[in-house]
There are 2 protein chains.
Amino acid sequence: MNKATSHNIVIVDDHSLFASSLEKLVNSFEGFNVLYHAKNGKDLQQKLKQYSEVPELILLDLNMPVIDGFETMQWLHENQKSIKVLALTMEDDERKILKMLSLGAKGYLLKDIHPDKLNEALVQTLEKGYYHSEKVAESLLHSLHSNDSEKPTFKEREIDFMKLACSEMTYKEIADKMNLSPKTIDGYRQDLFNKLDVKNRVGLVIYALKNDISKI
Amino acid sequence: MNKATSHNIVIVDDHSLFASSLEKLVNSFEGFNVLYHAKNGKDLQQKLKQYSEVPELILLDLNMPVIDGFETMQWLHENQKSIKVLALTMEDDERKILKMLSLGAKGYLLKDIHPDKLNEALVQTLEKGYYHSEKVAESLLHSLHSNDSEKPTFKEREIDFMKLACSEMTYKEIADKMNLSPKTIDGYRQDLFNKLDVKNRVGLVIYALKNDISKI
DNA sequence: ACAACAAACAGGAAAAACCCTTTTTTTAAA
DNA sequence: TTTAAAAAAAGGGTTTTTCCTGTTTGTTGT
């Protein structure tokens, strides 16, 4: 395979072991060549400036520190519209899929796909401009039927509170730690219970853990 | 590189994309050759029987369906003692590290390590019989200091109760569901708080989730 | 039948969580 | 500078949780 006809790919993933491995895999595909990989969105922005060669396609992981996949996608869509992006992630999360596609991603790949499918996805994205696996298409249809309300947004302080609520601290202790009156904390609690439609603190804790607001 | 002097490796990971990618990476290392990869513990057991060539080393992911990393490790330790195993996982969880090493793993690798470190780990494990990264060694020391007492045992009903406690139900509702008096539930609660050294229900919930008594 | 023991249950009370409404303070905008 | 909106705080009440110390019930072995 001569490089002239090769399609240049960039991989963005914070797990360098996976990124390096994936690079080998992509390089083994006929007609593809990995230019470099980036650890996160910030790193990607720098490297896009630094290197003269612009990739045709980016494989973008969603779960990254510093600048996550969504922000990176947004930035790419605004600043590097010519580069096609395929989102790459572990979880089959409807909201995330929708969000990425609405931000301009050309497709959404789950990390447990077969290597051949990845090859297919790369080829198809470059040829047709998009790739959608059966599984993802299914998820999308499902989400259209169950028109679940949008994921609520949280204020900085609410997130702080939720994290502390996922501990053995009483609300009074949380109030002390956040330098607020217990009554203010009670207000946060109430707002969150309503917003998240939970009945008590255990419900809040479970929500926070499910949505990676807090980790244990 | 001639195959005769090559060390045979097997990869066990349910994410076939990662497994395939990792295979390419390992094959690119001097002196290593990937025989095959398995999707889970069950698949591995079958393939070990099926193939005549026995690997020297297995790279074993922990988060797998069907038969998880721990069970697989146990089985390997009992049935294939000659094969060295390196655990491979995303999370840096002290308990999991300890558990795997106590089950006979030769080392514990985090998936975000640099490819060079992986190479080093493979070489060292085959030469010295073990590999421990600085990070893991650190975790181990930490856990030695905090000599946590043995994991307590639970009665059937206590486990039922813990699972229900990881929900928005009140204790009264839990009592109804378990066909017990609320006062009995209160007894379970109190015993568990003492046994697990937690202060309140949130502490209990977190314990149950951390120890896979309940899943969310 | 009876000791020995665990599981189930209970009374009572303080602490914490929960709920609804209203007021004060702070911040941002017109 | 007045005004509107958001954040913080509070009043005042109900319910649930938490804690302690018992008693009753059921099971098992001898």
Side-chain angles (χ1 to χ4, degrees), chain A residues 70-71 148-216, chain B residues 148-216:
Chain A
F70 299 107
E71 284 181 77
D148 44 0
S149 49
E150 281 303 298
K151 191 176 194 168
T153 56
F154 302 108
K155 302 177 196 95
E156 215 58 33
R157 238 51 248 269
E158 282 182 326
I159 292 175
D160 294 342
F161 166 68
M162 274 195 278
K163 285 181 179 168
L164 292 171
C166 295
S167 78
E168 297 190 26
M169 275 188 270
T170 65
Y171 289 137
K172 180 165 178 342
E173 289 168 338
I174 292 175
D176 281 350
K177 189 147 213 164
M178 288 178 69
N179 284 114
L180 290 170
S181 149
K183 281 298 185 178
T184 306
I185 292 299
D186 193 42
Y188 283 8
R189 183 196 54 71
Q190 190 120 342
D191 285 350
L192 283 168
F193 280 19
N194 289 333
K195 188 147 65 176
L196 305 178
D197 197 33
V198 299
K199 285 192 186 62
N200 53 36
R201 184 161 164 184
V202 174
L204 182 66
V205 167
I206 289 168
Y207 179 92
L209 294 174
K210 264 189 183 165
N211 292 275
D212 281 322
I213 288 156
S214 174
K215 288 168 237 324
I216 55 171
Chain B
D148 43 0
S149 48
E150 281 304 297
K151 195 174 194 167
T153 57
F154 302 108
K155 303 178 194 92
E156 215 57 34
R157 283 312 251 181
E158 281 183 327
I159 292 175
D160 294 342
F161 165 66
M162 275 195 277
K163 285 179 180 170
L164 292 171
C166 295
S167 79
E168 297 189 25
M169 275 188 269
T170 66
Y171 289 136
K172 177 160 181 346
E173 289 167 339
I174 292 174
D176 281 349
K177 189 146 215 166
M178 289 178 70
N179 284 115
L180 289 170
S181 150
K183 281 298 182 181
T184 306
I185 292 299
D186 192 43
Y188 285 5
R189 184 196 54 71
Q190 192 128 340
D191 284 350
L192 284 168
F193 280 19
N194 290 332
K195 188 147 66 175
L196 305 178
D197 197 32
V198 299
K199 286 193 187 61
N200 52 37
R201 184 162 165 185
V202 174
L204 182 65
V205 167
I206 289 168
Y207 178 92
L209 294 173
K210 266 190 182 166
N211 292 275
D212 282 322
I213 289 158
S214 174
K215 291 168 234 325
I216 55 170

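Here is how names work: the chains are called A, B, and so on, in the same order as the sequence lines, proteins then strands, and each is numbered from 1.
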Those residues at least two apart in sequence (or on a different chain) that pass salt bridge (charged side-chain N to carboxylate O under 4.0 Å, His left out) with B:Lys172 are B:Asp176
So, using side-chain hydrogen bond (donor to acceptor under 3.5 Å, both in side chains) as the criterion, who are the partners of A:Lys195 when residues are at least two apart? A:Glu158
Suppose we screen for salt bridge (charged side-chain N to carboxylate O under 4.0 Å, His left out). Which residues come up paired with A:Asp197, at least two apart in sequence or across chains? none
Verify the neighbour count for atom NZ of A:Lys215: are there more than 12 heavy atoms of other residues, nucleotides or ligands below 6.0 Å? yes
Main-chain N/O of B:Ala165 paired with B:Arg201 side-chain donor or acceptor, under 3.5 Å: yes
Classify B:Arg189 by what it touches in the nucleic acid, base, sugar-phosphate, or nothing, heavy-atom distance under 4.0 Å. base
When the distance from CE of B:Met178 to C1' of C:dA7 is rounded to whole Å, what number comes out? 12 Å
Axis-to-axis angle across the helix from C:dA1-D:dT30 to C:dA30-D:dT1, five pairs each end, nearest 10 degrees, ~ 30°
Between B:Phe161 and B:Tyr171, what is the ring plane arrangement, given parallel below 30°, perpendicular above 60°, and tilted in between? tilted
For DNA chain D, note the earliest and the latest nucleotide, 5' to 3', having some atom under 4.0 Å of a heavy atom belonging to chain A. D:dA7 to D:dG12
The salt bridge (charged side-chain N to carboxylate O under 4.0 Å, His left out) partners of B:Asp160 (sequence neighbours excluded) come to B:Arg157
Please list, chain by chain and in numerical order, all residues satisfying salt bridge (charged side-chain N to carboxylate O under 4.0 Å, His left out) with A:Lys183, sequence neighbours excluded. none
Nucleotide by nucleotide, nucleotides 8-13 of chain C touches protein heavy atoms under 4.0 Å in the pattern (B base, S sugar-phosphate only, - none) SBBBB-
Going from CD on A:Glu168 to CZ on B:Phe193, what distance comes out if it is rounded to the nearest 0.5 angstrom? 8.0 Å
According to side-chain hydrogen bond (donor to acceptor under 3.5 Å, both in side chains), who are the partners of A:Asp186, at least two apart in sequence or on a separate chain? A:Arg189
For residues A:Pro152 and A:Leu196, determine if any side-chain heavy atom of one lies less than 4.5 Å from a side-chain heavy atom of the other. yes
Please enumerate all residues that pass side-chain contact (heavy atoms from CB on, under 4.5 Å) together with A:Glu173, with sequence neighbours excluded. A:Met169, A:Thr170
Within residues 190-200 of chain A, residues whose heavy atoms come under 4.0 Å of DNA chain C: A:Gln190, A:Phe193, A:Lys199, A:Asn200
Quick check: does any side chain N or O of A:Asn211 sit under 3.5 Å from a backbone N or O of A:Ile213, one acting as donor and the other as acceptor? no
Of all of residues 166-177 of chain B, which get a heavy atom below 4.0 angstrom from DNA chain D, listed by number? B:Thr170, B:Tyr171
Value for CG (B:Leu209) from CD1 (A:Ile216), rounded to nearest 0.5 Å, stands at 4.5 Å
Rounded to the nearest 0.5 Å, what separates atom OG in A:Ser214 from atom CG in A:Leu164? 9.0 Å
